[in-house]
Structures are given as C-alpha cells and as structure tokens.
Amino acid sequence: MTRAELIHQIKEKRSFLCVGLDTDLTKIPEHLLDDEDPIYSFNKAIIDATADLCVAYKPNIAFYECYGLKGWQSLQKTWAALPKDCFSIADAKRGDIGNTSGRYAMAFFDESNSGLGFDSITIAPYMGKDSVTPFLEFKDKWAIVLALTSNEGSLDFQNFENKKGLQLFEQVIDKVNTWGNIDNLMYVVGATRGEGFIKIREHAPEHFLLVPGVGAQGGSLEDVCKYGMNKDCGLLVNSTRGIIYASKGRDFAERAREEALKLQKEMEIELLKAGIIS
Ligand SMILES: O=c1ccn([C@@H]2O[C@H](COP(=O)(O)O)[C@@H](O)[C@H]2O)c(=O)[nH]1
C-alpha cells in the first residue's frame, strides 16, 4: 500500500486505528477451541467485526510461530482474510546481516514464495544499515523501525545521550532517515511516551508512526494526537488486548467491535480537530 492510499483510507474511515491480532489459545472463547483452526476462526470473526472501523491490522508473529507449522498456517489464512483496503503489519521485529534480512523480507513480503504478502514489517535497527535496507527494496512495502518503544525496559538503552545531547532514539531516526524515505519508512513510538512525541517529530516530522500502547498498556490517545499528529495524521495507533479480549464469551466479536468503535469515535474527533477531515 502506498502512503497516498493509506492517507486516503484514514480520511475515508475517519480512523487511524490498527487492530492487533495477538491471538492466544488460552485467551480466546472456549467454544472456538473445537474448530479446526481456532486461531483463524477467532481472527476472522474479529476482522469481520472491525474492518470498517480500522485502517490496519497487526498480527504479532510470536503468537503464531509459537504454534509451529499450524501457527504459520493460521497466520497465512489470517493474512489472506485481511481486507484489501487495510494496511497489514507483520509485527516480527526482524533484522540481521543483509543476506539474512533479505530472506526475512522474502518471508513476509513475497507472496509468491511464502504465501505472505504483508505491506510492512517491524524491524529492530540495532544491527544497522545492511540489516534494514533489504526491506526497503520492495515496491510499496514498508519497514517500521523501532525508535522509542512503549515498554518499561525501553529506557535501558533508548534514552542514552551522546556528547551532543542527542538520545539514542533520536540518533536512530536521523541515521535510518538516510536509508529510506517517508514512502517506505515508519517508526514505532509507544503511546506511553507522551511528550516524547515532540522530540520524535523534530526528527521525523512527516513519517508515519506506528503507536502501540493504547488500551492494556494505558497510553493516552489524546496525548499521542496532541504531540504526535501531523498534517496527514501520520499515526497508526494500535490496540490489541483492549479490543480482541474485551469478552471471552460468545459475544467476543460484538464486544471487540464496541471497543474498536470507541477508539474510532475518539480518533474521528482528533481528525476533525486537526482539520484533516471535515
Ligand atoms: O513498543 C512496542 C512495540 C510493539 N508492541 C506490540 O504491540 C502490541 C501491543 O498490544 P496491547 O495488547 O495493545 O498492549 C503487542 O503486539 C506488542 O508486542 C508494543 O506493545 N510496544
């Protein structure tokens, strides 16, 4: 998906919601466990219930690869079931020497080889340029690079300052910006980082940001928009557990829709406030 198409979807759906698909067999409704592929049954119901309210879906690959071959099959079926107007994110946090990163890119981007054709993949940038650039060689595909993450441990390294007073996440963005552009690079910034978005926008004013941490992790959507929104919106805000596990009963898909709708309504207000939609 191109940047223009993504912005168009945000305006059409009046939403910049990304629904996370971290599907855990211990958390899904029991009545699904007898299905042939419970993970897929759950995901399909969540997708059908939320497709008009969100612009992106983000399966976290750990929740699939932990089940081996069956998990990869559930992931493939899930990817194939994603609506074509939604941006797809493989939250895989890959990155290795160039030769290996090239294979990771094939695995997640090249449908003819792997059966998976995600629009984007999350990347850990620690190994540097040759670990990231193989993901940038695919047309209309995106590398979403970790910058300032939502978790507690993020500040173990990400705020280390260099002699010029620049924190590590700022240096990462400055460097990674030289390898790609606003049409193929995004950054991950946690919703829990509040005013941290001000610094992020100093280094990446136009890039889209993938923002996890709203919902179960307690991040504030209002703060994310206040400090992180740009003229094109520039945000994909993810919520996973807060949506997909709203109920463990037979009403799980309806309850997921209700939670997604609440976020979509808040997002619509933010888009109106910013003059991005009218
Ligand atoms: O900084 C980061 C980067 C990735 N994640 C991932 O996003 C979702 C969040 O799920 P919630 O249930 O909404 O908390 C999950 O897949 C994480 O691995 C993140 O949380 N923070």
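FYI, side chains are in, hydrogens and waters are out, and symmetry mates aren't considered; it's all heavy atoms of this structure. Remember, it's 1-based here, ligands and their atoms both numbered in the order they're listed.
Among protein heavy atoms, the minimum distance from atom 21 (N) of ligand 1 is reached at S150 OG, 2.6 Å. Q217 NE2, 3.6 Å is the protein heavy atom nearest to atom 9 (C) of ligand 1.
There is no side-chain donor-acceptor pair under 3.5 Å between D96 and S131. Side-chain atoms of D156 and S154 include no donor-acceptor pair closer than 3.5 Å. Of the N and O atoms on the side chains of E268 and S15, not one donor lies less than 3.5 Å from an acceptor on the other residue. A side-chain donor-acceptor contact under 3.5 Å links Y64 and N43.
Remark: among candidates Q158, R193, R241, the nearest residue to atom 12 (O) of ligand 1 is R241, based on non-hydrogen atoms. With atom 10 (O) of ligand 1 as the reference point, the heavy atom nearest to it among N60, T240, V189 is part of T240.
The N238 neighbourhood of ligand 1 comprises atoms 8 (C), 9 (C), with distances under 4.0 Å to a heavy atom of that residue. Every atom of ligand 1 with a heavy atom of K58 under 4.0 Å away is listed here by number and element: 6 (C), 7 (O), 8 (C), 15 (C), 16 (O). For ligand 1, the atoms closer than 4.0 angstrom to any heavy atom of K93 are 3 (C), 4 (C), 18 (O). When each atom of ligand 1 is checked for a heavy atom of P212 under 4.0 Å away, the hits are 1 (O), 2 (C), 3 (C), 4 (C), 5 (N), 7 (O), 19 (C), 20 (O), 21 (N).
Note: F208 and W142 have perpendicular aromatic rings, judged against thresholds of 30 and 60 degrees for the angle between ring planes.
In terms of polar-atom proximity, D22 is counted as a contact of ligand 1, with an N or O under 3.5 Å from an N or O of the ligand. Below 3.5 Å of separation, one finds no N or O of T149 facing any N or O of ligand 1. The N/O atoms of N151, backbone and side chain alike, include none that comes under 3.5 Å of an N/O atom in ligand 1.
A salt bridge is absent between R241 and D22: the closest approach of a Lys/Arg side-chain nitrogen to an acidic carboxylate oxygen does not fall below 4.0 angstrom.
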If you apply the rule side-chain contact (heavy atoms from CB on, under 4.5 Å), what do you find for Y40 with T23, and how did you get there?
CA-CA 9 Å; Y40 174 70; T23 306; over 6 Å; no
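Heavy atoms of D91 found under 4.0 angstrom from ligand 1 belong exclusively to the side chain.
When each of D251, D52, D48 is tested with R257 by the rule salt bridge (charged side-chain N to carboxylate O under 4.0 Å, His left out), just one qualifies, namely D52.
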